[in-house]
Amino acid sequence: LLVLLQTSCDKTDDGQNFSLPPITQTGENTFGCYIDGRLLIPRDGSGSFNVHDAGLIFWNGVGDFYEIDVHDFDSEHTGSINLHIIGLDSIGVGEYNVNESNCSDGTSSPETNNIFCRIYDYEENIYKMYCSNENSGIINITRFDNGIISGTFSGIVVNKNDPDDTVKITEGRFDINRSTVHYTNYPNQ
């Protein structure tokens, strides 16, 4: 039983025990992945000036793109990841190749499916930004209907300032219900 308990829980970057959510397609508003073996799940923060910091936000962009924006605001060293997906309205369910990112979100992001993340490097005690390159991963949309978007993803992202520094994103999964998740439109829509 002890071995089962130890293998069923992972630690976030602040040492708290949490589990990777199961892969579902029912609009559970879950998200999780490993970034170089460290679990990242959305956790809300208390915010400032009476504003809530949502750990999971689904953005509807100008044109045919969407973004899944995840932050662990309840961690000492907040991690984050952004999935920028082009063509969902026209393609729907299927595999989307992850391509080059400029490590920017929204309308500043290139017109490609891309991933970028911000993680804390404990050896150097600094945050680093990592961006996807051409053909560096897959986002697999398994459901896109009735306001639900579900899928899995994985890839390799490269340090924005050091092309020799890469991290692997593995076991990524999300199951979002746009009617119940923190959902917003980009400005100028």
Report the C-alpha separation of Val98 and Ser132 in whole Å, then their side-chain angles, then the decisive distance to 0.1 Å, and conclude whether the side chain to side chain contact (heavy atoms under 4.5 Å, CB included) test is met. CA-CA 7 Å; Val98 172; Ser132 58; 3.4 Å; yes
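- Below 30°, between 30° and 60°, or above 60°: for Tyr122 and His77 the angle between ring planes is above 60°, a perpendicular geometry.
- Contact of the Thr180 side chain with the Asn29 side chain is registered, since non-hydrogen atoms from C-beta on lie closer than 4.5 Å.
- No donor-acceptor pair closer than 3.5 Å links the side chain of Gln25 to the backbone N or O of Arg143.
- Each of Ile119, Asp121, Ile156 was checked for a side-chain contact (heavy atoms from CB on, under 4.5 Å) with Val167, and the lone residue meeting it is Ile119.
- The disulfide (SG to SG under 2.5 Å) contacts involving residues 125-168 comprise Cys103-Cys131, where partners must be two or more places apart or lie in separate chains.
- Counting only heavy atoms from C-beta outward, the side chains of Val70 and Phe174 never approach each other to under 4.5 Å.
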Pair Thr24-Ser150, side chain to side chain contact (heavy atoms under 4.5 Å, CB included): steps then yes or no: CA-CA 7 Å; Thr24 56; Ser150 305; over 6 Å; no
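- In terms of heavy-atom proximity, Thr166 sits nearest to Pro163 at CG2-O, 4.3 Å.
- Contact of the Tyr66 side chain with the Ile149 side chain is not registered, since no non-hydrogen atoms from C-beta on lie closer than 4.5 Å.
- Residues meeting the side chain to side chain contact (heavy atoms under 4.5 Å, CB included) test with Thr170, sequence neighbours left out: Tyr34, Lys168.
- Contact of the Phe116 side chain with the Asn102 side chain is not registered, since no non-hydrogen atoms from C-beta on lie closer than 4.5 Å.
- The shortest non-hydrogen separation linking His84 to Ile86 is NE2-CD1, 3.5 Å.
- Tyr96 is listed as a side-chain neighbour of Ile91, based on a closest heavy-atom distance under 4.5 Å.
- Judged as a side chain to side chain contact (heavy atoms under 4.5 Å, CB included), and not counting sequence neighbours, the contacts of Asn161 are Asn159.
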Take Asp175 and Arg173 through the salt bridge (Lys or Arg N to Asp or Glu O under 4.0 Å) test and state the conclusion after the steps. CA-CA 7 Å; Asp175 183 23; Arg173 72 268 322 265; over 6 Å; no
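- Residues satisfying the ring-ring contact (aromatic ring centres under 6.0 Å, His included) criterion with Phe153, sequence neighbours excluded, are Phe31.
- Phe65 and Val93 sit in two unconnected hydrophobic clusters of ILVMFWY residues. Membership requires side-chain heavy atoms under 4.5 Å apart, directly or through other members.
- With sequence neighbours left out, Asn140 forms a side chain to side chain contact (heavy atoms under 4.5 Å, CB included) with Glu95, Ile138, Thr142, Thr152.
- Hydrophobic clustering (side-chain heavy atoms under 4.5 Å, transitive across Ile, Leu, Val, Met, Phe, Trp, Tyr) keeps Val158 apart from Leu83.
- Every residue meeting the ring-ring contact (aromatic ring centres under 6.0 Å, His included) condition with Phe73, not counting sequence neighbours, appears here in chain and number order: His71.
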Taking it one step at a time, do Ile81 and Cys33 satisfy side chain to side chain contact (heavy atoms under 4.5 Å, CB included)? CA-CA 9 Å; Ile81 192 166; Cys33 69; 4.2 Å; yes
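- Of the N and O atoms on the side chains of Thr26 and Glu28, at least one donor lies less than 3.5 Å from an acceptor on the other residue.
- In terms of modelled atom types and a separation under 3.5 Å, the side chain of Asp89 and the main chain of Gly87 share no donor-acceptor contact.
- Rounding to the nearest 0.5 Å gives a distance of 7.5 Å between CE of Met129 and OG of Ser101.
- Contact record, Glu100 with Thr112: O-OG1, 2.9 Å, taken as the closest heavy-atom pair.
- Annotation: side chain of Asp69 is in contact with side chain of Trp59 (closest heavy-atom distance under 4.5 Å).
- The minimum heavy-atom distance linking Ile41 with Pro21 is given by the pair CG2-CD, 4.3 Å.
- If you take OH on Tyr120 and OG on Ser80, they are separated by 14.5 Å, rounding to the nearest 0.5 Å.
- Residue Asp44 comes nearest to Leu56 through the heavy atom pair OD1-N, 4.4 Å, listed as atom of the first residue, atom of the second, then distance.
- Side-chain contact between Asn135 and Asn99 is present, with heavy atoms from C-beta onward closer than 4.5 Å.
- Connection of Ile139 to Ile148 is not established within any shared hydrophobic cluster, with ILVMFWY side chains joined at heavy-atom distances below 4.5 Å, either directly or through further cluster members.
- Contact annotation: the side chain of Asn113 never approaches that of Asn97 to less than 4.5 Å [non-hydrogen atoms, C-beta and beyond].
- Proximity of a side-chain donor or acceptor of Arg118 to a complementary backbone N or O of Gly79 within less than 3.5 Å is not detected.
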